Amino acid sequence: MLVVEAKFDGEQLATDPVAHTDQPEFATELAWEIDRKVLHQHRLQRTPVKLQCFALDPSTSAKETIGYIVLDLRTAQETKQAPKWYQLLSNKYTKFKSEIQISITLETDTKAPVDSFKAKGAPPRDGKVPTSLSGLDPKDIVAVLNEEGGYHQIGPAEYCTDSFVLSVTIAFATQLEQLIPCNMKLPERQPEFFFYYSLLGNDVTNEPFSDLINPNFEPERASVRIRSSVEILRVYLALQSKLQIHLCCGDQSLGSTEIPLNGLLKKGSTEINQHPVTVEGAFTLDPPNRAKQKLAPIPLELAPTVGVSVSLQREGIDSQSLIELKTQNGHEPEHSKKRVLTPIKEKTLTGPKSSSTSPVPPHNQTPPTKDDATESEVESLQYDKDTKQNLKGISSSVPASLAQAVIASHASETTSGQKIAVPSTAHHFCFSIDLRSVHGLEIGYPVNCVLRYSYPFFGSAAPIMTNPPVEVRKNMEVFLPQSYCAFDFATLPHQLQDTFLRIPLLVELWHKDKMSKDLLLGIARIQLSNILSSEKTRFLGSSGEQCWRQTYSESVPVIAAQGSSNRIVDLSYTVTLEDYGLVKMREIFVSDSSQGVPAVQQKPSSLPPAPCPSEIQMEPRETLEYKAALELEMWKEMQEDIFENQLKQKELAHMQVLAEEWKKRDRERESLVKKKVAEYSILEGKLQKTLLELEKREQQLACAESELQREKKELQSERERNLQELQDSIRRAKEDCVHQVELERLKMRQLEDDKHRLQQQINDAENKYKILEKEFQQFKDQQSNKPEIRLQSEINLLTLEKVELERKLESATKSKLHYKQQWGRALKELARLKQREQESQMARLKKQQEELEQMRLRYLAAEEKDTVKTEQQELLDIRNELNRLRQQEQKQCQDSREIASGKTDGPHGLAFEDGLDDYLTRLIEERDTLMKTGVYNHEDRIISELDRQIREVLAKNSASN
């Protein structure tokens, strides 16, 4: 097995053991969690990351080092890099180039700490632990989620005996437009604003709103259950002393405020036992980095504020906030939304809009109420309401009474006041949708899936739902039961196309749980216009008429309804559009003008009875043709009136929209003008202050200028005075120079006289020097002819020759030592080669011992003879070499004796004895050197010869003594 261990920052991590093969795959990530300051220190110190590869024996748990790798921490970047191959150092397998593929990266940990709202400057007196809780550390008092109990526990379990409810309500907001900087660009579409805060680590946002001037949103209360005690809760609120609330647009914070929480439980107060304690009021929102942006202060009456109420109560005591809830109409809303944040299964911090709230688990399963309706439901209901109100004037969108009971009832409702005729160009359509399956679930828990949709254009705003719920898990595809629905309706083809292009079909994905209220997970947008571009196929209807059918199938993603726009699951569907041609007039109700006509006349196919010749001739006005023409003209006039009414209603609606838009723009301009006026007033105050400062600076400059003129005059007078003094000093210097020149001239004349006198003395001395030099030369010639001088020169020459001979002797001695060393090395090499050769010979002889026993003896004898001859030859060569060296040494000794004998006879005997001693020493050293090699012993011929010579030298030495 193979395992890789990595050590960094005092912590050692290891991979899982893998099989020991040529190409093992570890596929393991080793991560260390450090903050940026420690990482910076490690980079400055160039701390390495060492990876060691071991071979592991599973049976004995023994590890054997294969190699190691040292990584440079400075190469790690936050951007993802491609893996690289690193070669193992100190590789055990030297014949192979072992490498490991490694990728080293830095990842920013987005996990929020438990105490993310810890107060920066909490008063130490309030954060102290009471004497009854002296064994607790304030840093250990944190909120921990208990999923089974559905509450947050603060403090140790033995102290948590009471249950509390902490609620935060955002009621109203004013002057929010002051937070929008002039240079900030909002999204091109209608921007959405919302309030965001974090309650015990849970991100909470309210419903978005788009109007900053008159923000209209329902007050929402977020509650969380807490299990703790009053003393521990007081310490925790002293540490977490502030609650930050941000106004956000997308992922950008426009302003924030802080609500103090340490005032909820005051020291020694028992109010929470009788009634809830609250902190509420209108808090000012400050833009981020006001000091850095150098923003001007905003007047108090124009400051943006938000109404917040924070309530803490014992569980079971009803709380009623005293804050005044402001809405756009100025009255209190009937219902306010409530969110309960426990129990919470998962907490993710993906952005300021991410919320990890979950609904209250009711006792029974109920469908979504009006308060929990989604935006798509509200839009569909409003669309249905407008359709019912305006249906009398829009004849092209009336559904036909063909087969659907719901559509028939809707038609009867729309024609109850006045029966409407469908235009002759309207077609009978049948639209069917089949939600086939869901697959590719991305969330980590199973979902009891129910799909729901509504499309009022088909004639009914009632929602269509799949039933029963089906469980969907990861990596599985589930087919939906009862998911097919068909709609029969009559409309104009161009209106059908326009509606399909403008309004998509929104399919909602709901999660049904027996223990909680239904939860909207996501919404899928089905673009119905895709079916219009699909291929048409022809088929015959029930009456034999020619019809057309179009079919389209696709998979669309279901996008999360809350938080980031992430895909939850994929929905596969099939839609079919069938066109049955023009609507038959005999199957549709006609207008009010034909109500008095008998039923027989409503069918175009029924013919009037043939007139008898015996009957009286009828009046022209009484004929059926005339009545039909009259009815047609009346129907045309009625249609013209209806069309005019429609135009008037549309004009009125457009005028109302324009008026509302104009009022909105007027309010925005008015607020901007107020903001600009306030800014200009602030700038005017700054300008007046600047003018005063400029006037003061002008006065200071005038005073400084007068002071400068005075100093200038003083400097001018001082300059003139200095100039006069300089001229006087120049005049005096000139007089001194003239006097000095005269003195120097006198000195020069005197020096010239001295020069002539000295020149005469030099000439006399030169003459005396020449005479003395001649006399010295004569004396030198006389001295050179003496014999002592010649002897001294010869002594000098002999001394030089002696020095040269000594130098040659020293060089010969050095070469002799060098030769001895080389000789010893050669002997050792010879012994080693001989021993190796003997070992190889012995090995070969052992292998052939059984087969060639008789031949081995002869071969051994011959081999021994050859070896002896070889050794004798080598010894003879060595002996010749020794004789040659001995002759050279004798010659050198003889030369040295001749040189010594040239001086005196006394030193000659002493030099001879010294030569014998040196020769004796050299022979002993050579014998010892040969013996140390291990090749020779005392019985060898060369050692015996050296012993004989040593004895002869000793005998000569004793005889001379």
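Worth saying up front: this structure is predicted, and the values here are computed from it rather than measured.
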Student: Output yes when E810 and K814 qualify as a salt bridge under the 4.0 Å nitrogen-oxygen rule, no when they do not.
Tutor: yes
Student: Only one of I66, V3, L56 passes side chain to side chain contact (heavy atoms under 4.5 Å, CB included) with H20; say which it is.
Tutor: I66
Student: Show the numbers, then the answer: is there a side-chain contact (heavy atoms from CB on, under 4.5 Å) between L798 and E801?
Tutor: CA-CA 5 Å; L798 292 173; E801 291 178 359; 3.8 Å; yes
Student: Would one find more than 12 heavy atoms of other residues, nucleotides or ligands at under 6.0 Å from atom CD of E107?
Tutor: no
Student: What are the two closest non-hydrogen atoms of P446 and H511, and how far apart are they?
Tutor: O-CE1, 4.1 Å
Student: For the backbone of T94 and the side chain of N91, can you confirm whether one donor and one acceptor N or O come within less than 3.5 Å of each other?
Tutor: no
Student: What is the ring orientation for Y93 with F96, classed by angle as parallel under 30°, tilted 30 to 60°, or perpendicular over 60°?
Tutor: perpendicular
Student: I'd like to know if R948 and E952 make a salt bridge, using a cut-off of under 4.0 Å between side-chain N and carboxylate O.
Tutor: yes
Student: Hey, are the side chains of V447 and I568 touching, using non-hydrogen atoms and a 4.5 Å cut-off?
Tutor: no
Student: Would you name the heavy atoms of L13 and A31 that are closest together and state the gap between them?
Tutor: CD1-O, 3.3 Å
Student: Salt bridge (Lys or Arg N to Asp or Glu O under 4.0 Å): which pairs involve residues 14-28, sequence neighbours left out?
Tutor: none
Student: Begin from the C-alpha positions of L106 and L39 and carry the test side-chain contact (heavy atoms from CB on, under 4.5 Å) through to its verdict.
Tutor: CA-CA 10 Å; L106 294 176; L39 177 63; 3.9 Å; yes
Student: Considering only NZ, NE, NH1 and NH2 on the basic side and carboxylate oxygens on the acidic side, decide whether E471 and R473 come within less than 4.0 Å.
Tutor: yes
Student: So with a 6.0 Å cut-off around CG of N883, is the heavy-atom count from everything else above 12?
Tutor: yes
Student: Is the backbone N or O of D928 less than 3.5 Å from a side-chain atom of E926, with the two atoms forming a donor-acceptor pair by type?
Tutor: no
Student: For K820, I'd like to know if atom NZ has over 12 heavy atoms of other residues, nucleotides or ligands within 6.0 Å.
Tutor: yes
Student: Are any side-chain N or O atoms of D940 and backbone N or O atoms of I942, one a donor and one an acceptor, separated by less than 3.5 Å?
Tutor: no
Student: More than 12 heavy atoms of other residues, nucleotides or ligands under 6.0 Å from CZ of R884: is that the case?
Tutor: yes
Student: Among residues two or more places apart or on two chains, list those pairs meeting ring pair (Phe, Tyr, Trp, His ring centres under 6.0 Å) that have a residue in residues 27-80.
Tutor: F8-W32, F8-H42
Student: The criterion is salt bridge (charged side-chain N to carboxylate O under 4.0 Å, His left out); which residues satisfy it with E477, sequence neighbours excluded?
Tutor: none
Student: Within the distance-only criterion (no hydrogens, no angle test), does the side chain of R567 pair as donor or acceptor with the backbone N or O of G440 below 3.5 angstrom?
Tutor: yes
Student: CZ of R941: more than 12 outside heavy atoms within 6.0 angstrom?
Tutor: no
Student: H439 side chain to M476 main-chain N or O, any donor-acceptor pair under 3.5 Å?
Tutor: no
Student: Decide, yes or no, whether a salt bridge links R74 with D72 under the criterion of side-chain N to carboxylate O below 4.0 Å.
Tutor: yes
